[in-house]
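This report concerns only the one structure given below.
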Amino acid sequence: MPELPEVETTLQGISPHIKKQRVNKVIIRQPKLRWPIPADLPQLIEQQILTSLSRRAKYLLLHFNTGTLLIHLGMSGSIRIIAAGTVAAKHDHFELEFTHQKSIRLTDPRRFGAVLWLGKEPYQHPLLSKLGPEPLSTSLTGDYLYQKSKDKKVSIKQFIMNQVIVTGIGNIYCAEALFLAGISPTRAAGNISLKRYQILVAQIKKTLDLAIAQGGTSLRDFVGSDGKPGYFKQELSVYGRTGLPCKQCNKALTEIKQAQRTTVYCTHCQT
DNA sequence: ATAATCACCTGCTCGC
DNA sequence: TGCGAGCAGGTGATTA
């Protein structure tokens, strides 16, 4: 999926088109996503004004006076702005049509995404209440990660991808940030110095910032809200580059599995 | 509590 | 060229 940069890119892409607009129609073509799309959603938000939009972790939040709608893109989801009434394709599962004749349309082949109604206290919802700090906020610091990692035996890769520790970082950007920080993905989280955590945090922020500026990473199906792909792919140092030369030392990059996920790294530059 | 594995779903790529 | 295995940006649920 869509990690934080792709979700943020989506948010920035759709906001100017639909903020403060009135929902005319809720269209549910395929309710079977990760959880069923609530059947009563039309009566909850039709004719309501979308007052604001935000992002928390990898979740998009659409705020109405009646409550908040959560959208998650799963592994293969994307949202596009289209003219209302545009013919739907196979995996176009959900759509919000606004009165000014624009729609946002959720396309998600694998259906790991979600559309949920959170009500008036969205941050009390179980999906949001346990999340760690936003990586681009000042609350993510090297010191914070260092304190959290005490006595932790899990690998740094899994530690950073745990949304309870820090949100928004998935398989691509975790691998990239670890490479830039020179930290082996297999190292135990509790066996990393404060100084190295400070470097890692700086590289995480730098990587995410750059990816957002590039419109995210498009591998196969991700597109921005305007239908164009993201261009961060060309910046990738390790993700998807197994066997290719390390950009720092030229040694062939190594691929391993960690918690069922592929990790690519340089055994020479990352220790 | 913590850690590892499973499950959800479709489509594409790779190796034979 | 065809076909099955394996893999893909995530994460809650289940098991140990």
Side-chain angles (χ1 to χ4, degrees), chain A residues 1-11 29-37 55-60 70-79 89-94 106-116 118 125-132 135 148-178 186 188-191 204 207-208 211-212 214-224 229-243 255-264:
Chain A
M1 132 176 185
E3 301 183 33
L4 184 150
E6 291 74 34
V7 179
E8 181 65 26
T9 296
T10 300
L11 171 69
R29 296 194 175 86
Q30 168 56 279
K32 294 180 182 176
L33 302 187
R34 174 145 203 198
W35 298 284
I37 297 177
R55 177 190 57 75
R56 175 72 174 109
K58 301 173 190 172
Y59 298 104
L60 280 171
L70 170 150
I71 301 178
H72 192 275
L73 300 177
M75 286 279 264
S76 58
S78 60
I79 292 177
K90 189 173 180 183
H91 300 296
D92 295 343
H93 308 312
F94 176 75
L106 172 68
T107 304
D108 183 10
R110 295 179 71 182
R111 289 194 272 124
F112 288 170
V115 176
L116 293 176
L118 304 187
H125 190 277
L127 288 178
L128 301 186
S129 64
K130 293 167 190 171
L131 293 171
K148 280 278 177 186
S149 70
K150 291 259 170 76
D151 301 323
K152 287 288 197 301
K153 292 167 189 168
V154 286
S155 69
I156 184 63
K157 168 97 182 307
Q158 292 167 70
F159 182 69
I160 292 302
M161 285 178 67
N162 181 345
Q163 305 297 299
V164 174
I165 301 299
V166 54
T167 63
I169 303 163
N171 209 34
I172 295 179
Y173 300 107
C174 185
E176 293 301 307
L178 287 171
T186 62
N191 187 25
I204 287 171
T207 303
L208 297 178
I212 292 168
Q214 302 266 36
T217 302
S218 289
L219 296 183
R220 43 180 66 79
D221 43 17
F222 181 79
V223 291
Y231 297 102
F232 190 73
K233 187 178 179 185
Q234 60 205 63
E235 309 287 336
L236 297 175
S237 296
V238 288
Y239 183 89
R241 298 192 67 245
T242 303
E255 177 175 316
I256 59 172
K257 284 283 180 196
Q258 295 180 287
Q260 334 283 73
R261 308 299 296 279
T262 297
T263 305
V264 184

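All of these numbers come straight from a predicted model, not from anything done at the bench. The sequence lines fix the lettering, A, B, ..., with proteins before strands; numbering per chain opens at 1.
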Exercise. Please tell me which of the listed nucleotides, B/dG11, B/dA4, B/dC6, lies nearest to the side chain of A/Gln158?
Key: B/dA4
Quiz item: What's the CG-C1' distance between A/Leu73 and C/dG10, to the nearest Å?
Solution: 11 Å
Quiz prompt | Residue A/Lys152, side-chain atoms from C-beta onward, closest of B/dT2, B/dA4, C/dC7 | solution = B/dT2
Practice problem: Check whether the side chains of A/Asn171 and A/Lys157 place a donor and an acceptor atom closer than 3.5 Å, and report yes or no. | Solution: yes
Exercise. Just call it for A/Lys153: base, sugar-phosphate, or nothing, with non-hydrogen atoms closer than 4.0 Å on any strand.
Key: sugar-phosphate
Practice problem: Look at A/Gln260 and B/dA4 and indicate whether a side-chain polar atom (N or O) is within less than 4.0 Å of OP1 or OP2. | Solution: no
Quiz item: Of all the nucleotides listed (C/dT11, C/dG12, B/dT10), which has the minimum atom distance to the side chain of A/Trp35?
Solution: C/dG12
Quiz item: Should A/Lys32 be listed as having a side-chain N or O under 4.0 Å from OP1 or OP2 of B/dC9?
Solution: no
Quiz item: Given C/dG12, B/dT10, C/dA8, which nucleotide is nearest the side-chain atoms of A/Thr262?
Solution: C/dA8
Self-check item: Nearest-angstrom distance from the residue atom CD1 of A/Ile37 to C1' of B/dC8
Solution: 15 Å
Practice problem: Examine C/dG10: is either OP1 or OP2 under 4.0 Å from a nitrogen or oxygen in the side chain of A/Gln163? Give yes or no. | Solution: no
Quiz prompt | Spacing of the P atoms in B/dT5 and C/dC7 (rounded, Å) | solution = 15 Å
Self-check item: A/Lys257, nearest nucleotide to its side chain (from B/dG11, C/dA8, C/dG10)
Solution: C/dA8
Quiz item: Of the nucleotides B/dG11, B/dA3, C/dG12, which has the atom closest to the A/Val154 side chain?
Solution: B/dA3
Quiz item: Any idea which of C/dT11, B/dG11, C/dG12 is nearest the A/Pro109 side chain?
Solution: B/dG11
Exercise. Can you tell me the distance, in whole Å, between the NE2 atom of A/His93 and the P atom of B/dT10?
Key: 9 Å
Quiz item: Given atom CZ of A/Phe159 and atom P of B/dT2, what is their separation to the nearest angstrom?
Solution: 11 Å
Quiz item: Using atom P of each nucleotide, how far apart are B/dG11 and C/dT11 to the nearest Å?
Solution: 22 Å
Quiz prompt | Side chain to side chain, A/Thr217 and A/Glu6, heavy atoms closer than 4.5 Å | solution = yes
Self-check item: Nucleotide opposite C/dG6 in a Watson-Crick or G-U pair, distances under 3.5 Å
Solution: B/dC12
Self-check item: Per A/His91 side chain, nearest of listed nucleotides B/dT10, C/dG12, B/dC6
Solution: B/dT10
Quiz item: Heavy atoms under 4.0 Å, any strand shown: does A/Tyr173 hit a base, just sugar-phosphate, or nothing?
Solution: nothing
Exercise. Report yes if the side chains of A/Leu4 and A/Pro135 come closer than 4.5 Å at any heavy-atom pair, otherwise no.
Key: yes
Quiz item: So, is A/His72 near the phosphate of C/dG12, with a side-chain N or O under 4.0 Å from OP1 or OP2?
Solution: no
Exercise. Round to the nearest Å and state the distance from A/Leu70 atom CG to C/dT11 atom P.
Key: 11 Å
Self-check item: Side-chain donor-acceptor pair present, A/Thr167, A/Tyr59, cut-off under 3.5 Å
Solution: no
Practice problem: Taking atom types as modelled, find out whether A/Thr207 and A/Glu176 have a side-chain donor-acceptor pair closer than 3.5 angstrom. | Solution: no
Quiz item: With no hydrogens and no angle check, do the side chains of A/Lys257 and A/Thr263 hold a donor and an acceptor under 3.5 Å apart?
Solution: no
Quiz item: Would you find more than 12 non-hydrogen atoms of other residues, nucleotides or ligands less than 6.0 Å from A/Lys150 atom NZ?
Solution: yes
Quiz item: In whole angstrom, what separates A/Lys130's NZ from C/dG12's P?
Solution: 9 Å
Exercise. Let me know the distance between CG of A/Leu131 and C1' of C/dT11, rounded to the nearest Å.
Key: 11 Å
Practice problem: Would you kindly give the CG-to-C1' distance between A/Asn171 and C/dA8, to the nearest whole Å? | Solution: 10 Å
Practice problem: Would you indicate what A/Lys90 reaches in the nucleic acid, counting non-hydrogen atoms under 4.0 angstrom: base, sugar-phosphate, or nothing? | Solution: sugar-phosphate
Quiz item: Among C/dA8, B/dA4, C/dG10, which nucleotide sits nearest the side chain of A/Tyr239?
Solution: C/dA8
Quiz item: With respect to the phosphate group of C/dG10, does any side-chain polar atom (N or O) of A/Arg261 fall under 4.0 Å of OP1 or OP2?
Solution: yes
Quiz item: When only distance counts, do a donor and an acceptor, one from the side chain of A/Arg111 and one from the base of B/dT10, lie under 3.5 Å apart?
Solution: no
Quiz item: Has A/Phe112 got its ring stacked on the base of C/dT11, with centres under 5.5 Å and planes less than 30° apart?
Solution: no
